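Please read the structure below before turning to the comments.
What you see is a predicted model, and the numbers here were worked out from it, not measured in a lab. Reckoned from all heavy atoms, side chains included, excluding hydrogens, waters and symmetry mates. Letters A, B, ... mirror the listed sequences (proteins, then strands); counts begin at 1.
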Number of protein chains: 2
Amino acid sequence: MTAPDGPFVLEGRPTAQLIADQLREQIVQGIFRPGQQINESVIAGQLRTSRGPLREALQRLCQEGILVSHRNRGVFVHELSIQDIREIYAVREAVESTAADALLDAGAKRVKDTCQLLKKIIRDMAKQVALSDWQAIARLDMEFHTTFVAGAGNTRLIRIYQTLAAESRMCILNLEVSYPRIDVLVEEHQNILDLLEAGDREELHKAIKRHMQKAVEDLTASSEEMHIAN
Amino acid sequence: MTAPDGPFVLEGRPTAQLIADQLREQIVQGIFRPGQQINESVIAGQLRTSRGPLREALQRLCQEGILVSHRNRGVFVHELSIQDIREIYAVREAVESTAADALLDAGAKRVKDTCQLLKKIIRDMAKQVALSDWQAIARLDMEFHTTFVAGAGNTRLIRIYQTLAAESRMCILNLEVSYPRIDVLVEEHQNILDLLEAGDREELHKAIKRHMQKAVEDLTASSEEMHIAN
DNA sequence: GAACTGTAGATTGTCAACAATAGGCGATGT
DNA sequence: ACATCGCCTATTGTTGACAATCTACAGTTC
């Protein structure tokens with residue numbers, strides 16, 4: 001499905017995709033704020049390219065829903081409402097649950113390999129928790145979940161989840177929410193990993209559900225005190 | 001969320017999106033075959049625009065996964081393998097199940113309104129079955145499911161499902177499969193509608209699962225005899 | 001005859017100039 | 001003082017031209 005395309009294909013990926021990836025990363029890092037307009041000329045200059053390729057990249061991000069386009073006015077970073085947060089985490093729960101089932105059905109080896117990757121991410125996460133590097137923690141949090149979904153081997157699920165992960169990072173960063181209870185963060189992910197390793201389908205689903213519900217509670221609670229639109 | 005943007009905003013939607021919608025429709029109707037290259041100059045001419053806006057639209061469809069882009073070679077209609085079919089229907093099952101839960105949780109009025117829309121689609125479908133208009137049947141089939149998901153009111157779920165619906169139509173058309181048992185088609189959808197109306201969550205999930213599994217069986221069986229790549 | 005090389009054609013990738021539109025700002029009139 | 005009208009600037013939308021790259025084919029050599 002995702003063909004290796006032969007060895008050493010230098011820069012084989014389309015330009016628009018490369019630019020889109022860079023922009024997405026900058027957006028989730030909060031370099032662009034929600035509601036902010038993307039000035040095509042300025043950004044094109046910064047990325048050492050011209051408006052043509054940049055506009056193609058912007059269309060990709062519009063399709064993802066990270067940006068919104070208003071005709072004759074330009075593209076803007078999507079402002080996330082509380083309703084959006086609820087949506088995002090509802091869909092994340094659905095996707096992860098589906099991925100969990102697919103992964104468990106895919107056989108013990110697949111599960112084992114995935115657990116191996118997840119363990120490393122949790123170790124890194126614990127390190128960053130000690131350093132209190134929130135940016136890195138948010139990244140690793142999403143990397144954990146993305147890796148989890150990737151384990152299922154369903155390319156469409158992965159593609160869908162990548163957008164959701166980006167939006168989740170926007171939620172966390174843009175609402176300027178630090179993780180409320182940092183101590184349970186590693187613990188919760190470890191719990192999911194343990195249940196996956198044990199193959200306990202039922203409890204795994206419940207754990208994912210709890211994980212998402214907790215996140216929504218934290219995010220919506222903190223955004224209410226910040227007067228974010230409902 | 002999806003703002004009406006005021007009354008009478010003539011052609012308010014961005015150009016790239018309009019072009020992308022037109023192209024997607026042409027692709028699912030089989031005007032472009034899988035694997036076929038999209039010649040930018042030719043298509044731009046046909047759509048009475050230039051290569052710039054067209055390329056922006058192509059990027060949107062690449063992001064959806066309907067087209068694939070190879071650097072310095074162009075974009076091509078994605079060729080669906082049997083593995084792809086399994087993926088698409090697995091994700092569809094997950095999305096529809098999620099939508100079903102959300103819809104039932106959204107209250108009786110929402111359910112009732114959605115059922116009203118679904119009933120009309122089923123009536124239309126029965127009509128087209130009588131006429132044996134396969135193209136129209138495929139369209140209504142997807143319209144039924146899209147309307148079902150839309151009932152949940154989750155914009156991200158809707159967006160995700162629109163792509164899946166397009167890919168499903170490509171499966172049906174491109175594999176040149178007529179619906180194998182046309183008589184049960186209306187019946188199966190009516191069954192889903194009945195269970196939704198009755199609010200029988202458990203049976204609804206099972207019905208959706210059966211519906212998808214049956215579709216995969218039909219599609220994979222017919223593509224095997226057609227020597228499609230596994 | 002097979003393999004390799006160089007050339008030609010077509011197609012995509014990129015860019016810069018031009019056209020069109022929206023929103024801001026000041027002038028004007030009531 | 002307030003509202004309205006009209007201009008002005010900044011930004012986007014569109015186009016055509018140019019550069020880079022790939023594929024196919026013919027010619028050459030072993």
Side-chain angles (χ1 to χ4, degrees), chain A residues 3-23 26-27 31-63 66-79, chain B residues 3-23 26-27 31-63 66-79:
Chain A
D5 224 37
F8 286 113
V9 176
L10 199 56
E11 293 292 354
R13 292 165 64 198
T15 311
Q17 193 176 330
L18 294 170
I19 297 175
D21 289 341
Q22 283 190 46
L23 273 179
Q26 291 191 313
I27 291 168
I31 294 172
F32 300 101
R33 309 301 303 177
Q36 181 181 342
Q37 181 167 11
I38 306 292
N39 187 314
E40 298 178 358
S41 306
V42 173
I43 307 301
Q46 288 177 1
L47 269 54
R48 303 300 177 84
T49 182
S50 97
R51 284 178 57 214
L54 176 71
R55 282 173 62 90
E56 292 172 16
L58 292 179
Q59 290 302 321
R60 286 187 95 108
L61 298 176
C62 285
Q63 184 65 32
I66 292 171
L67 300 178
V68 286
S69 172
H70 296 286
R71 186 180 181 85
N72 290 326
R73 303 211 317 143
V75 301
F76 303 79
V77 180
H78 191 200
E79 295 188 85
Chain B
D5 225 37
F8 285 112
V9 177
L10 199 55
E11 294 293 352
R13 292 165 63 196
T15 312
Q17 193 175 330
L18 293 170
I19 298 175
D21 289 341
Q22 283 190 47
L23 275 179
Q26 290 190 316
I27 291 168
I31 294 172
F32 299 101
R33 308 302 303 178
Q36 179 182 343
Q37 180 167 13
I38 305 292
N39 186 313
E40 297 177 358
S41 306
V42 173
I43 306 301
Q46 288 177 1
L47 292 163
R48 304 299 178 85
T49 182
S50 96
R51 283 179 57 214
L54 176 71
R55 284 173 62 88
E56 292 171 17
L58 292 179
Q59 290 302 323
R60 285 186 97 107
L61 298 175
C62 285
Q63 184 63 33
I66 292 171
L67 300 178
V68 287
S69 171
H70 297 287
R71 187 181 180 86
N72 291 325
R73 303 210 319 149
V75 301
F76 303 79
V77 180
H78 191 197
E79 295 186 84

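Listed by chain and number, the residues in a side-chain contact (heavy atoms from CB on, under 4.5 Å) with A:E56 are A:A16, B:R55, B:E56, B:Q59 (sequence neighbours excluded).
Nucleotide D:dT12 holds its C1' atom 14 Å from the NE2 atom of A:H70, rounded to whole Å. With rounding to whole Å, B:F76 atom CZ is found 12 Å from C:dT11 atom P. To the nearest angstrom, P of C:dT12 lies 21 Å from CZ of A:R13. In this structure, the CD atom of A:Q59 is 13 Å from the C1' atom of D:dT14, given to the nearest Å.
Judged by distance alone, with hydrogens and angles left aside, the side-chain atoms of B:Q36 form a donor-acceptor pair with the main-chain N or O of B:R33 at under 3.5 Å.
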For nucleotides 6-11 of chain D, read 5' to 3', which letter fits each nucleotide if B means a protein heavy atom sits under 4.0 Å from the base, S means only the sugar-phosphate is that close, and - means neither?
-----S

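A pairwise comparison of heavy atoms in B:L61 and B:A20 identifies CD2-O, 3.9 Å as the closest pair. Pairing each heavy atom of B:I19 with each of B:A57, the nearest pair is CG2-CB, 3.6 Å.
No side-chain heavy atom of A:L23 sits less than 4.5 Å from a side-chain heavy atom of A:L67. Side-chain atoms of A:C62 and B:R60, non-hydrogen and from C-beta on, do get closer than 4.5 Å to each other.
B:R71 contributes atom CZ, which lies 7.0 Å from atom CG of A:L18 (distance to the nearest 0.5 angstrom). One distance of note links NE2 of B:H70 with CD of B:Q37; it measures 9.5 Å at 0.5 Å rounding.
For DNA chain D, the residues of residues 44-56 of chain B within the heavy-atom distance limit of 4.0 Å (strictly under) are B:T49, B:S50, B:R51, B:G52, B:P53, sorted by number.
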